[in-house]
Amino acid sequence: MEEIVVFGTILTMRQTELFTRTRKEAPKDEVSVNARLLMRAGFVNKLMAGVYSLLPLGLRVHQKIENIIRREMDAIGGQELLMPTLQPKANWDKTDRWETYDSLFRFTSHYTKNEYALGPTHEEVVTPLVQDQNLSYKDFPVYVYQIQTKFRDEPRAKSGLLRGREFSMKDLYSFHTNEKDLEKYYEKARDAYFKIFKEVGLGDVTYLTFASGGSFSKYSHEFQTVTDAGEDIIYLCNKCKVAVNKEIIHEQKDCPECGEKKLKEEKAVEVGNIFKLKTKYSSAFGLKFKDEKGKEGDVIMGCYGIGLTRLLGTVVEAHYDKDGMIWPEAVAPFAVHLIRLGIDSKVVKFADDVYKKLEKNNVEVLYDDRDASAGEKFADSDLIGIPYRVVVSEKTLRQAQGKLEKKKVELKKRSEKKEKLVGVDELMKLGA
Ligand code: ATP
Ligand code: MG
């Protein structure tokens, strides 16, 4: 597999330089597990209900998710762009959604009295944008995507990062000259989505779910992750590993794949969805193409969303214990949490040397070089949830002397109970 490059983030960090602090208690008004743990560990900060800052540790996780998504979207031909958040009312009038889109944030300029929306989704921008390219039938299909902040006036925002009023989303839009082509791409996108959810650590609990297709298609498909924190109800077929969203269970009572009648009710969160828009938006904006005979037709569209901040919160909901978060390796803020116990000069030198060697070998490491107690350091390490904990102490130093490679450290996986003594060299492949 291709290596994931994390742009703009450094590989290693000393904890004494990290400006955020862990907390013993989460704010009382925060009920969701994801927000409580992410806030306590200093990954996010709450500005108000449904609106969070991503702090350095949280941003690192977000950037890893971004890059996994980018890689898979690029692999199915997606071209990344970035569209404006600020959108004119006129575009929303064209699709008749200015009045009907319930969670649209709308406001008026004090100066010009013009009305605007803060983008909750981007059909109203991407459709005229593609139209403006004057493409010929030979130029289709077109696939564009962005990773961007979205705004929705959600009536309730109680699930932490799972339902924000401001949140990040990857939205891809596809444009085709015929339905067969859309169908083919839809399947490719579905496969790419499975790869993404598997890599971020949700493969076992995320199900393709049949949902309403609106007025243009029988179904759309959601990717629902089973978790108690979910606000959706799905009915799962254990044979086919597909589900039906409660919203259509009256029309679709059995498994759509095998006809199984006994479906299991589960709580779930929608981490992504794919939707055949067909000509809904192209006809609203007059986005057409001329075929080889000069005959005009409406362009056929699909849209494909993944909520990144929601996904980040969902990973927490799927991977935690009473002590804190347990990050899957692919999205962990760091691969190794190096913990130095004691301030004896020999131990400090040893720990510094291990840190430098890890850095040289491109292992992402957070180095707890603080002057704090073992108990405090272990508690923080469990809370932050980095996959590998490496302890350097006088005790480990006594196990072997001589060259750095010979020296021993204690290695423990966050997901396991027992630590083991290993040579320093063994650490260099961690997180690779
Ligand atoms: P939901 O049914 O959960 O409200 P939706 O069907 O309105 O979501 P879409 O409009 O399809 O969602 O948005 C695409 C993706 O964006 C969703 O699959 C989800 O992952 C994410 N998303 C939607 N709303 C929010 C929100 N308020 N906070 C965080 N992520 C969201
Ligand atoms: Mg939905």
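As the structure lists them, so they are numbered: ligands from 1, and atoms in each ligand from 1. In this chain, residues are counted from 1 in sequence order.
Below 30°, between 30° and 60°, or above 60°: for Phe43 and Trp327 the angle between ring planes is below 30°, a parallel geometry.
Within 6.0 Å of atom CD in Glu25, 12 or fewer heavy atoms from other residues, nucleotides or ligands are found, so the atom counts as exposed in its surroundings. Atom NZ of Lys198 sits in a sparse spot, with 12 or fewer heavy atoms from other residues, nucleotides or ligands closer than 6.0 Å. Taking a 6.0 Å sphere around CZ of Arg23, one finds it holds 12 or fewer heavy atoms contributed by other residues, nucleotides or ligands.
Polar contact with ligand 1: absent for Thr309 (N/O pair, distance under 3.5 Å). Below 3.5 Å of separation, one finds an N or O of Gly307 facing an N or O of ligand 1. Note: no N/O pair closer than 3.5 Å links Asp232 and ligand 1 by distance alone. Note: an N/O pair closer than 3.5 Å links Val271 and ligand 1 by distance alone.
Residue contact check: Met169 has heavy atoms under 4.0 Å from atoms 13 (O), 14 (C), 16 (O) of ligand 1. Of all atoms in ligand 1, listed by their number and element, those nearer than 4.0 Å to a heavy atom of Leu162 are 28 (N), 29 (C). Atoms of ligand 1 lying under 4.0 Å from any heavy atom of Arg152, numbered from 1 in the order shown and given with element: 5 (P), 7 (O), 9 (P), 10 (O), 12 (O), 13 (O), 23 (C), 24 (N). If you number the atoms of ligand 1 from 1 as listed, the ones under 4.0 Å from a heavy atom of Gly164 come out as 26 (C), 27 (N), 28 (N), 29 (C).
The heavy atom nearest to atom 31 (C) of ligand 1, out of those in Phe275, Phe167, Phe151, Phe223, is found in Phe167.
When heavy-atom distances to ligand 1 are checked against a 4.0 Å cut-off, Glu154 comes that close only through its side chain, counted from C-beta outward.
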Subject >> Chi angles and distances behind the ring pair (Phe, Tyr, Trp, His ring centres under 6.0 Å) call for Phe289, Tyr137 >> reply: CA-CA 6 Å; Phe289 70 97; Tyr137 71 94; 7.6 Å; no
Subject >> ring pair (Phe, Tyr, Trp, His ring centres under 6.0 Å) between Tyr173 and Tyr143, worked out >> reply: CA-CA 6 Å; Tyr173 303 88; Tyr143 319 117; over 10 Å; no
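Just one of Arg389, Gln15, Lys377 meets the side-chain hydrogen bond (donor to acceptor under 3.5 Å, both in side chains) condition when paired with His337; it is Gln15.
In this structure, Asn273 counts as a contact residue of ligand 1, since one of its heavy atoms falls inside 4.0 Å of the ligand.
Side chains of Lys184 and His176: no donor on one and acceptor on the other come within 3.5 Å.
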